[in-house]
Amino acid sequence: MLDRNYLRHHAAEVRDVLKVRGFDFDLDRYAALESSRKALQEETETLQAERNAKSRAIGVAKARGEDIAPRIAEVGDLGRRLDDARARFDALRGEFDGFLEGIPNLPDGSVPPGDSEDENVEIRSWGDRTVFDFQPQDHVDIAGRALDFAAAARISGARFSIMSGDLARLHRALAAFMLDMHTREHGYEELYVPYIVNADALKGTGQLPKFEVEQFGIRGDENYYLIPTAEVPVTNVIRDTILPADALPLRYVSHTPCFRREAGTYGKDTRGIIRLHQFDKVELVQVVEPENSWDALEELTSHAEAVLKRLELPYRAVVLCGGDLGFAAAKTIDLEVWLPGQGRFREISSCSNYLDFQARRMMARYRAGDGTAFVHTLNGSGLAVGRSLIAVLENHQQGDGTVRVPEALQPYMSGTTRLRFEKP
RNA sequence: GGAGGGGUGGCUGAGUGGACGAAAGCACUGGUCUUGAAAACCAGCGAGGUUAACGCCUCCCAGGGUUCGAAUCCCUGCCCCUCCGCCA
């Protein structure tokens with residue numbers, strides 16, 4: 001949610017900045033809503049003030065033992081007029097709130113223009129694209145019988161998977177490794193959180209009301225949803241709170257499954273486990289003082305990068321262009337890992353600074369000097385576990401059909417250095 | 001699932017339908033005193049909206065209702081606690 005007060009004085013500027021992300025801010029509608037708001041608020045509050053004054057006078061008169069009947073008569077239809085004004089004001093406010101909730105965050109000045117991911121800008125890269133002296137396979141062929149889509153389809157449907165044996169174990173090892181690294185080396189506190197959240201939580205982080213179709217709702221209960229990312233429960237930990245200044249920064253890491261409808265992606269990434277309705281992710285969340293959030297974005301991104309390096313996976317970092325930027329983010333740096341099976345870089349982490357956009361929706365504040373101020377929130381994948389699994393399989397495959405277990409993962413695999421998966 | 005008891009500021013906790021955004025204590029901030037600190041004393045101290053400002057408005061879990069007037073009375077929901085039952 002944008003700052004209403006800022007919007008009031010910089011509406012035209014906001015419209016121009018939002019063009020960077022291809023959002024059309026309706027200045028006329030905004031002006032109309034704002035002027036109605038002002039008129040209705042004034043009318044309502046004037047009537048309230050009048051009612052308060054008269055009621056108070058009745059109280060005083062009664063205490064003195066005077067006859068209050070004439071005073072009550074004087075109130076007349078004030079109550080009805082007030083109810084009427086308030087009803088109109090409430091209706092307008094609902095409309096206004098809906099309008100404001102639908103406005104995405106302002107992109108930072110450093111966000112490059114562009115309409116699609118093709119216009120994202122690479123800012124750095126690490127490692128060389130893996131080369132093979134044999135014909136590399138993709139993760140589906142490497143994993144062989146350890147990946148069962150047919151059974152998953154029978155149980156659940158398309159875009160689900162079942163992993164077995166060493167593959168399931170490798171998946172678990174990746175998550176455990178990431179959690180340990182972030183808690184022991186990067187100063188994050190591990191959180192175990194609910195996988196089902198209410199609508200307010202999703203509203204707080206910005207998935208609702210605009211992206212309802214991408215969420216899995218719980219049947220029979222409009223208010224409950226499966227989490228699309230740990231960002232939702234973890235960031236909402238601070239909803240409706242005023243944190244003491246010395247509590248910041250908060251650094252949380254959480255491993256959860258993520259559930260996404262993947263609406264609008266039919267026919268895309270249908271092979272393998274690149275895009276599923278359910279996948280695991282280790283998520284990093286930071287809550288910081290406003291002046292530190294840009295440094296925090298760099299830091300958080302470097303924490304995610306550290307995982308890729310330790311797993312010996314070549315990657316590049318790109319800044320998302322305006323058109324590719326998520327609704328709530330002011331700036332996002334994606335980490336893309338090299339996938340030999342696809343011959344291209346694919347997103348494996350998305351690190352964003354939301355500034356006070358989420359904090360404003362969540363009413364998450366801290367004590368700053370005399371008063372309170374909204375915190376800044378950030379998050380990033382550290383990393384997506386399923387895609388990390390793909391990357392390990394494809395980058396560390398050997399000519400003899402085995403997969404080398406990177407040294408960092410070996411302690412989590414009882415020292416195993418090579419994996420061999422049964423072929424169908 | 002059954003029975004009962006509760007939700008009031010950062011915390012504890014008073015609050016009779018009328019001067020209550022709300023006693024008191026703790027915590028916190030400033031001051032006096034002190035070589036310094038502690039103690040004591042004095043003062044300040046919830047959040048949000050709106051306004052150029054004075055001010056006005058809203059908020060005592062949430063939503064309805066009664067009333068000239070609701071923290072207070074009524075209804076519904078949510079959450080917490082205790083006991084019983086069930087359960088991993």
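Each chain gets a letter, A, B and so on, in the order the sequences are listed, and its residues count up from 1.
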Quantified in whole Å, what is the [atom1] atom distance between nucleotide [N] and nucleotide [M]?
| N | M | atom1 | value |
| --- | --- | --- | --- |
| B/rG25 | B/rA43 | P | 12 Å |
| B/rC54 | B/rG65 | C1' | 37 Å |
| B/rC79 | B/rA62 | C1' | 10 Å |
| B/rG48 | B/rU12 | C1' | 25 Å |
| B/rA22 | B/rC60 | C1' | 8 Å |

Atom [atom1] of [X] to atom [atom2] of [N]: distance rounded to whole Å?
| X | N | atom1 | atom2 | value |
| --- | --- | --- | --- | --- |
| A/Arg56 | B/rC57 | CZ | C1' | 11 Å |
| A/Asp246 | B/rC28 | CG | P | 12 Å |
| A/Asp83 | B/rU67 | CG | P | 11 Å |
| A/Arg71 | B/rG18 | CZ | C1' | 13 Å |
| A/Asp90 | B/rG49 | CG | C1' | 14 Å |
| A/Leu47 | B/rU50 | CG | P | 19 Å |
| A/Ile58 | B/rG18 | CD1 | P | 14 Å |
| A/Lys38 | B/rU51 | NZ | C1' | 8 Å |

Can a donor-acceptor pair be found between the side chains of A/His303 and A/Tyr188 at a distance below 3.5 Å?
yes

Strand partner of [N], provided both Watson-Crick or wobble distances fall under 3.5 Å:
| N | value |
| --- | --- |
| B/rU82 | B/rA3 |
| B/rC11 | B/rG25 |
| B/rC45 | none |
| B/rA37 | none |
| B/rC20 | none |

By the salt bridge (Lys or Arg N to Asp or Glu O under 4.0 Å) test, which pairs, at least two apart or in different chains, include something from residues 257-267 of chain A?
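Passing the test, one end in residues 257-267 of chain A: A/Glu262-A/Arg275.
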
Contacts of A/Gln397 that satisfy side chain to side chain donor-acceptor pair (under 3.5 Å) - sequence neighbours left out
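A/Gln397 satisfies side chain to side chain donor-acceptor pair (under 3.5 Å) with no other residue.
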
Applying the salt bridge (charged side-chain N to carboxylate O under 4.0 Å, His left out) criterion to A/Glu34, which one of A/Arg29, A/Arg8, A/Arg4 satisfies it?
A/Arg8

For A/Ala373 and A/Ala53, find the nucleotide of RNA chain B closest to each by heavy atoms; which residue's nucleotide sits nearer the 5' end?
A/Ala373

If you assign A/Ala61 and A/Asn5 each to the RNA chain B nucleotide with the nearest heavy atom, which residue ends up on the more 5' nucleotide?
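Mapping each residue to its closest nucleotide by heavy atoms, the 5'-most match is A/Ala61.
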
Does a sphere of radius 6.0 Å around CG in A/Asp24 hold more than 12 heavy atoms from other residues, nucleotides or ligands, not counting ones at 6.0 Å or beyond?
no

Sugar-phosphate only, base, or nothing, as touched by A/Arg4 at under 4.0 Å among non-hydrogen atoms:
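Nothing, no nucleic acid heavy atom in range.
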
How would you label the contact of A/Lys62 with the nucleic acid (heavy atoms, under 4.0 Å): base, sugar-phosphate, or nothing?
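Here A/Lys62 touches the bases of the nucleic acid.
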
Think [X] has a side-chain N or O under 4.0 angstrom from the OP1 or OP2 of [N]?
| X | N | answer |
| --- | --- | --- |
| A/Arg51 | B/rU67 | no |
| A/Arg365 | B/rG48 | yes |
| A/Asn52 | B/rG69 | no |
| A/Arg86 | B/rG64 | no |
| A/Arg93 | B/rC57 | no |
| A/Ser55 | B/rG17 | no |

Go through the steps to decide whether A/Arg80 and A/Asp84 satisfy the test salt bridge (charged side-chain N to carboxylate O under 4.0 Å, His left out), and finish with yes or no.
CA-CA 6 Å; A/Arg80 231 195 43 247; A/Asp84 174 64; over 6 Å; no

Hey, does the side-chain of A/Gln41 have a donor or acceptor N/O within less than 3.5 Å of a partner on the base of B/rG49?
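Donor-acceptor pair under 3.5 Å: no.
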
Is the distance between the ring centroids of A/Phe216 and A/Tyr225 under 6.0 Å?
no

